Structures are given as C-alpha cells and as structure tokens.
S.K.: 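Have a look at this one.
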Amino acid sequence: MSKATEKRIYLTRHAEAEHNVSEDYSIPDAPLTPRGRQQAAALNEATKDTVQATADLLITSGLRRTLSTTVIGYPALRQRLEAAGKPVLVLPQLQEVNDLPCDTGSPREVLEADPEYASLDLSLLTPDWTSKASFYAATPPAIAARARWVRHWLRARPEARIALVAHGDFLRYLTAGRNTHEPWANVEVREYTFAVEEEEEEEEEEEDADGEAWLAPVGRVAKEGEDEPTSSEHA
C-alpha cells in the first residue's frame, strides 16, 4: 500500500450540464449538454497518456452528468481497469451538495436501465442515496463531514493513483472543508496528494488537531471547459 503523501488523486469536475447553461436548477438529475459531451471527449484526448495510463482506480459520483463524463472522458482507463476486474466504482458520497432537483440523483434501477452506464458498479447506490437527509443532508456541517469521510476513504485505499469525477461545490468541500466558491471549470482535472501520513495526523490529534486527512495540491492536469457556475452560486 502506498504512503498517503505519495498517492496521487486526480479530481475532475464534470463536463457542462443542462443546468449550467440554462441556470434552471429544477431539471431532475441534469444530464450533459451536447457541448458537455464534446468537452468530455476532449478530456479523453488530454488525459489518455497521463491519468488514463497510470490510475489504479476510477470512481465517480452517481449523478448522470458525472457518470457520462466518466464514460466519455476516461474510456481507456475504464477499459483497462475493467479488464483487471476493477469496474468504475460509483460512490454516492461524491454527490453534489444542494438538495435541488438538478443535484439529486436518480434511483439505482433507473441508472441500471440506461445502456450508457452498463458495467459501472452501482452497487453502493442504496435507496437513501437520493434522500438529501442525514449523512446526505444539504447542510454545511453534513457536507463537511461527508467530504471528510471521502478523504479518509481515499487515504485508506491501497491504490496509489485514483481518478475521481465529482461536482464543483463538493470538490470545494473536499479540498478546503467548506464552499470557498473558488472557480472549478467544467472538465478541469487537478492533481492532489495527502498533506501528512495518517500516523503523523494521529500524533497531532493529541494536540487537538481534527483528523481531517487534508489534501495538498500538486498541479493542474487538464482544463477543457469554462468556469460554469454551480447551483450554490446562482440558485
């Protein structure tokens, strides 16, 4: 298992979706626009010799816009990992932060019926994943706790290089612990590692540290879209 400070986490925001353009946040589980699908295809070209050639795990939020971005944007990586018995893992904890229709996912059985998502591992999409309640509540404390859970989950994984596809607001919580409103472009990929090893953090906890498993930026890998607003910025 790799040391946490040697891991590489490739955080990707989804391609342009319908609500980004129309600013209509009542669109249920907003899908990609035609332009968004083109952006995702450009992501494939931009990463086929980097992220897709080296990542050991591919995970994504369960909303349609992230699922489609993953399928179109990381096809070579998906194919390579599926051949090794590691299908794309759909992680409900990566869903977007607000409780608007555009940010609420579809039931597992609906996604399973969509041929575009065939062979993705949807097994973790339990019935409560669309509830926007309890663990998935749209409140800052709940979102921060969910982001912390994801960081600890990533740090505990054995893979050295993980590609992750999620949403602008959630990526801010994941990297900063709060919604900083820092711009994240559609299909922007940023590389991160962990700031400290788990053992170091445990020692610091004795001095009232909070065990956040913070990520540290390494650099930008790709940026194929524009700085489209998230639902938090205009809803």
Side-chain angles (χ1 to χ4, degrees), residues 1-17 31-95 111 114-124 150-151 153-168 170-171 174-175 184-194 215-226 228:
M1 181 170 172
S2 300
K3 295 177 64 176
T5 52
E6 295 175 354
K7 282 178 176 277
R8 290 296 181 266
I9 313 296
Y10 303 103
L11 303 183
T12 310
R13 187 187 177 196
H14 62 79
E16 181 185 85
L32 296 184
T33 63
R35 182 183 183 214
R37 299 182 80 85
Q38 293 174 352
Q39 290 173 345
L43 174 66
N44 172 39
E45 290 299 315
T47 61
K48 62 184 180 181
D49 296 323
T50 56
V51 176
Q52 296 196 73
T54 61
D56 310 305
L57 181 68
L58 177 55
I59 63 175
T60 178
S61 158
L63 275 77
R64 287 184 178 276
R65 57 188 181 271
T66 45
L67 296 176
S68 296
T69 299
T70 301
V71 169
I72 302 168
Y74 288 131
L77 174 57
R78 176 189 177 191
Q79 182 178 22
R80 176 169 62 81
L81 292 178
E82 284 181 350
K86 295 178 71 173
V88 175
L89 183 61
V90 181
L91 201 65
Q93 291 84 355
L94 298 176
Q95 66 180 277
L111 299 174
D114 191 324
E116 183 170 32
Y117 309 137
S119 81
L120 303 186
D121 184 353
L122 300 165
S123 63
L124 297 179
V150 171
R151 290 193 299 270
W153 185 90
L154 290 168
R155 190 168 66 178
R157 291 291 306 191
E159 293 88 1
R161 296 177 182 273
I162 301 173
L164 180 157
V165 183
H167 310 265
F170 184 71
L171 290 171
L174 189 63
T175 56
W184 271 82
N186 289 132
V187 286
E188 180 175 356
V189 185
R190 299 182 191 177
E191 181 178 345
Y192 285 79
T193 187
F194 284 93
L215 293 168
V218 176
R220 177 184 286 163
V221 177
K223 180 181 176 183
E224 303 304 319
E226 305 301 322
E228 298 283 1

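As the structure is a prediction and not an experimental result, all values here were calculated from the model.
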S.K.: Determine the minimum heavy-atom distance between Val165 and Tyr74, stating which atoms define it.
M.R.: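 Shortest heavy-atom separation between Val165 and Tyr74 comes out as CG2-CE1, 3.8 Å.
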S.K.: Decide side-chain contact (heavy atoms from CB on, under 4.5 Å) for Leu164 and Tyr10; before the verdict, give the C-alpha distance in whole Å, the side-chain angles of both, and the deciding distance to 0.1 Å.
M.R.: CA-CA 6 Å; Leu164 180 157; Tyr10 303 103; over 6 Å; no
S.K.: If you count the non-hydrogen atoms of other residues, nucleotides and ligands that lie under 6.0 Å from CD in Gln79, is the total more than 12?
M.R.: no
S.K.: Mind checking side chain to side chain contact (heavy atoms under 4.5 Å, CB included) for Ala42 and listing every partner two or more places apart, or none if nothing turns up?
M.R.: Glu224
S.K.: Which value, rounded to the nearest 0.5 Å, describes the distance between Leu120 atom CG and Thr70 atom OG1?
M.R.: 7.5 Å
S.K.: Would you check if the side chain of Thr60 reaches a backbone N or O of Val90 as a donor-acceptor pair within less than 3.5 Å?
M.R.: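 Pair absent, no side-chain N/O of Thr60 close to backbone of Val90.
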S.K.: Would you confirm whether Asn186, through its side chain, and His14, through its main-chain N or O, come within 3.5 Å as a donor-acceptor pair?
M.R.: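 A pair under 3.5 Å: yes.
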S.K.: Salt-bridged, Asp56 to Arg157, with N to O below 4.0 Å?
M.R.: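 Here Asp56 does not pair with Arg157 in a salt bridge, since their nearest N and O are not under 4.0 Å apart.
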S.K.: With side-chain contact (heavy atoms from CB on, under 4.5 Å) as the criterion, how do Trp153 and Ile59 come out once you've worked through the C-alpha distance, each side chain's angles and the decisive distance to 0.1 Å?
M.R.: CA-CA 12 Å; Trp153 185 90; Ile59 63 175; 3.7 Å; yes
S.K.: Using every non-hydrogen atom in the two residues, find where Pro31 and Arg64 come nearest and quote the distance to one decimal.
M.R.: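 Heavy-atom minimum between the residues: CA-CB, 4.4 Å.
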S.K.: Under 3.5 Å, is there a donor-acceptor pair between the side chain of Thr47 and the main chain of Thr50?
M.R.: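 Flag not set: sc Thr47 to bb Thr50 has no pair under 3.5 Å.
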S.K.: So how far is it from Leu174 CG to Arg151 CZ, rounded to the nearest 0.5 Å?
M.R.: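 Atom-to-atom, Leu174:CG and Arg151:CZ are 6.0 Å apart.
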S.K.: Using side-chain heavy atoms (C-beta onward) and a distance below 4.5 Å, is Glu6 in contact with Thr193?
M.R.: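 Result no, sub-4.5 Å side-chain heavy-atom pair not found.
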S.K.: Are Tyr192 and Arg8 side-chain neighbours, meaning at least one heavy-atom pair lies under 4.5 Å?
M.R.: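 No - every pair of side-chain heavy atoms lies 4.5 Å or more apart.
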S.K.: Are Glu191 and Arg220 within salt-bridge range, i.e. N to O under 4.0 Å?
M.R.: no
S.K.: Between Glu16 and Arg37, does any side-chain N to carboxylate O distance fall below 4.0 Å?
M.R.: no
S.K.: Between CD1 of Ile162 and CG of Leu57, what distance do you get to the nearest 0.5 Å?
M.R.: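 Interatomic distance, Ile162 CD1 to Leu57 CG, rounded to 0.5 Å: 5.0 Å.
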S.K.: side-chain contact (heavy atoms from CB on, under 4.5 Å) for Leu11 and Leu215? Distances and angles first, verdict last.
M.R.: CA-CA 11 Å; Leu11 303 183; Leu215 293 168; 4.3 Å; yes
S.K.: Can a side-chain donor-acceptor contact be found between Ser68 and Glu116 if the only test is distance below 3.5 angstrom?
M.R.: yes
S.K.: Looking at Gly36 and Ala15, what are the two nearest heavy atoms and their distance?
M.R.: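 Nearest pair, atom of Gly36 first, then Ala15: O-CB, 3.1 Å.
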S.K.: Could you give the distance from CD (Gln38) to CD1 (Ile72), rounded to the nearest 0.5 Å?
M.R.: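 Going from CD on Gln38 over to CD1 on Ile72, the span is 10.0 Å.
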S.K.: Looking at every non-hydrogen atom in both residues, tell me the closest pair between Gln95 and Leu63 and how far apart they are.
M.R.: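 Result for this residue pair: CB-CD1, 3.7 Å.
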S.K.: Which of these, Arg80, Arg78, Lys86, sits in a side-chain hydrogen bond (donor to acceptor under 3.5 Å, both in side chains) with Glu82?
M.R.: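 Filter result, single survivor: Arg78.
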S.K.: With the threshold set at 4.0 Å, does a side-chain nitrogen-carboxylate oxygen contact exist between Arg161 and Glu159?
M.R.: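 A salt bridge is absent here (no side-chain N lies under 4.0 Å from a carboxylate O).
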S.K.: Apply the test side-chain contact (heavy atoms from CB on, under 4.5 Å) to residues Thr12 and Thr66: give CA-CA distance (whole Å), side-chain angles for both, the deciding distance (0.1 Å), then the verdict.
M.R.: CA-CA 9 Å; Thr12 310; Thr66 45; over 6 Å; no
S.K.: How long is the gap from CG on Leu81 to CD on Gln52, to the nearest 0.5 Å?
M.R.: 9.5 Å
S.K.: Using every non-hydrogen atom in the two residues, find where Tyr117 and Leu111 come nearest and quote the distance to one decimal.
M.R.: CD1-O, 3.8 Å
S.K.: Find the distance between CG (Leu154) and CD1 (Ile9) and round it off to the nearest 0.5 Å.
M.R.: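 Answer for the CG-CD1 pair, Leu154 versus Ile9, is 5.0 Å.
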S.K.: Quick check: does any side chain N or O of Glu188 sit under 3.5 Å from a backbone N or O of Lys223, one acting as donor and the other as acceptor?
M.R.: no
S.K.: Where is the tightest heavy-atom contact between Ala166 and Ser61, given as atom of each residue plus distance?
M.R.: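 Shortest heavy-atom separation between Ala166 and Ser61 comes out as CA-CB, 4.4 Å.
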